[in-house]
2 protein chains.
Amino acid sequence: MNQGVKVKGEGDADSGDQPRSASDRVAAAIVKEIRMGRLVPGQHLLEPELTSRLGISRGSLREALKHLAADGIVTLSRFRGAYISALDRKAVYDLLDTLEPLARLAARRAAEMNTSKQKAKELQASALRLEELQGSGKRGDYLTERRYFYDLLIEMGGNGELARVIPLSRADLFRAQVETRQSEAQRRRHAHGYRLIAAAVMDGDAKKADQLMGEHFAGTRETMDQLADEVFPAA
Amino acid sequence: MNQGVKVKGEGDADSGDQPRSASDRVAAAIVKEIRMGRLVPGQHLLEPELTSRLGISRGSLREALKHLAADGIVTLSRFRGAYISALDRKAVYDLLDTLEPLARLAARRAAEMNTSKQKAKELQASALRLEELQGSGKRGDYLTERRYFYDLLIEMGGNGELARVIPLSRADLFRAQVETRQSEAQRRRHAHGYRLIAAAVMDGDAKKADQLMGEHFAGTRETMDQLADEVFPAA
DNA sequence: TCAGATAAAATCGTCAAACATTATTGACCC
DNA sequence: GGGTCAATAATGTTTGACGATTTTATCTGA
């Protein structure tokens, strides 16, 4: 059996530099617009409007929407179209419970793979930028930098599966939804957590990086507990 | 800003009973064929062949392939098409590292939510079927039952995010790749692990369910260590 | 005026056909 | 056998079409 099947593994990894397809570009554009606040949770995405604005065909757009729906960023409803997902309180806690062990794994692995001090420095630089951007009012820039921080952390760990699975885009959505509703102190604590984590990674202290990420999530849960119900859509 | 945006949350959850789209059916069909061994890792998926065999248009097929690529089940290479992903050794260990904390979370939550004894019994029944199917030679049936076991475990936990994130289909792919290469003892241990987990869930012993799932993964890693290199594609 | 029924418009899901771009194949030549 | 180049096949993307369904607008009657 299986005669003459050409095996194409994953090690090829030529997927990094090949030009992205139209649907990938569209998906990235939509996630970016969410971070920037131009698309808000609950918003209805109309195919005619998007195809004309982004200059692509319906087919490519639908591929992108399918992708985003798989990531949980948009919700597809038959014959009613695509909506930017809105996370209710339970969905947020579920997201945090799921994201936490993955983020801790990422932090641990990044600290263990301390081969590249270059990347670790970049991580610290990103953490510093986060503390600067926090409170500057540039919400979109803060969220974009935060996403970069996580992408870097995961890349450092070198676990390709984690990079595929960890719901960072969904976390973007969650952050975009609650970011403006937090107090100054809450925002400051959040940004400061990243600097502590980056320092532990730089030190190669995997156990501490893991623990700090856990405390970071504990802080986020505390913040969520304090948020008013109006932040979340009706259950 | 954001004037007049109708908020559509996720609580609606009417997505359960609405008829599946063509692309969803196709994606499910392909995953099933992988479990059944009719599609093997590394195999090239040709659009003309699939559209005619499955009776759908190219557009719908491409949506399905995009979905599967997001799940890491097929690898898309520009202008060269879709291949069933082949996991090399590192990818397998990465998958196990990522999957383990999620599976433990699922087991813990399922044990905590011990409201529905009905579901717990179903879980135990599934575990029993797994021990029967193990060694029966019905590889496809075993993998399908195993997938059902995990789906049930996750559903019991009630964490929707976990259900979206956990890479079960990728685990299916991994299992399909190595299942026939395991020894009788390895297969028996694997199947038996599920029964122990189901029992802990039934008892509502979250800590034990978590720990047992961890041991289950330790066993799987041990099995992987013992497998020959020929099982995996060239790095 | 307003609630309910009806018609019209808009939108989605799917398919079919077409064209441009790229990879693969195979003939040809040395 | 190895290399060059045209023919072939497959993919990426677009456009147009049609039925199904939802949403919006209009009309009616109380």
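Proteins get letters first, then strands, A, B, ... in listed order; numbering begins at 1 in each.
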Q.
Checking B:Tyr150 now: which residues fulfil ring-ring contact (aromatic ring centres under 6.0 Å, His included) with it, not counting sequence neighbours?
A. B:Tyr194

Q.
Using the side chain to side chain donor-acceptor pair (under 3.5 Å) criterion, which residues pair with A:Ser169? Sequence neighbours excluded.
A. A:Arg147

Q) Expressed in angstrom and rounded to an integer, what is the separation of B:Glu49 atom CD from D:dA9 atom P? A) 16 Å

**Q.** Euclidean distance, atom CZ of residue B:Arg78 to atom P of C:dA20 [Å, nearest integer]
**A.** 16 Å

**Q.** Within residues 52-65 of chain A, residues whose heavy atoms come under 4.0 Å of DNA chain D
**A.** A:Gly55, A:Ile56, A:Ser57, A:Arg58, A:Ser60

Q: Report the distance from atom CG of A:Leu50 to atom C1' of C:dT11, rounded to the nearest whole Å.
A: 13 Å

Q: May I ask you to evaluate whether A:Arg80 reaches the phosphate of C:dC12, defined as a side-chain N or O under 4.0 Å from OP1 or OP2?
A: no

**Q.** Counterpart residues, side chain to side chain contact (heavy atoms under 4.5 Å, CB included), relative to B:Ser136 (two or more places apart)
**A.** B:Leu133, B:Lys138

Q. Does OP1 or OP2 of D:dT13 have a side-chain N or O of A:Arg20 closer than 4.0 Å?
A. no

(Q) Rounded to whole Å, how long is the line connecting atom CD of A:Glu47 with atom P of D:dT14? (A) 14 Å

Q | salt_bridge(B:Arg108, B:Glu112) N-O dist < 4.0 Å | A | no

Q) What integer distance in Å separates B:Leu46:CG from D:dA9:P? A) 13 Å

Q) In whole angstrom, what separates B:Leu76's CG from D:dG12's P? A) 7 Å

(Q) For A:Arg221, give me all partners under salt bridge (Lys or Arg N to Asp or Glu O under 4.0 Å), at least two apart in sequence or on another chain. (A) A:Asp97, A:Glu100

(Q) I'd like to check the side chain to side chain contact (heavy atoms under 4.5 Å, CB included) partners of A:Ala198; sequence neighbours left out, ordered by chain and number. (A) A:Leu123, A:Gln124, A:Ala127, A:Phe149

(Q) Expressed as a whole number of angstroms, how long is the span from A:Phe79:CZ to D:dT24:C1'? (A) 18 Å

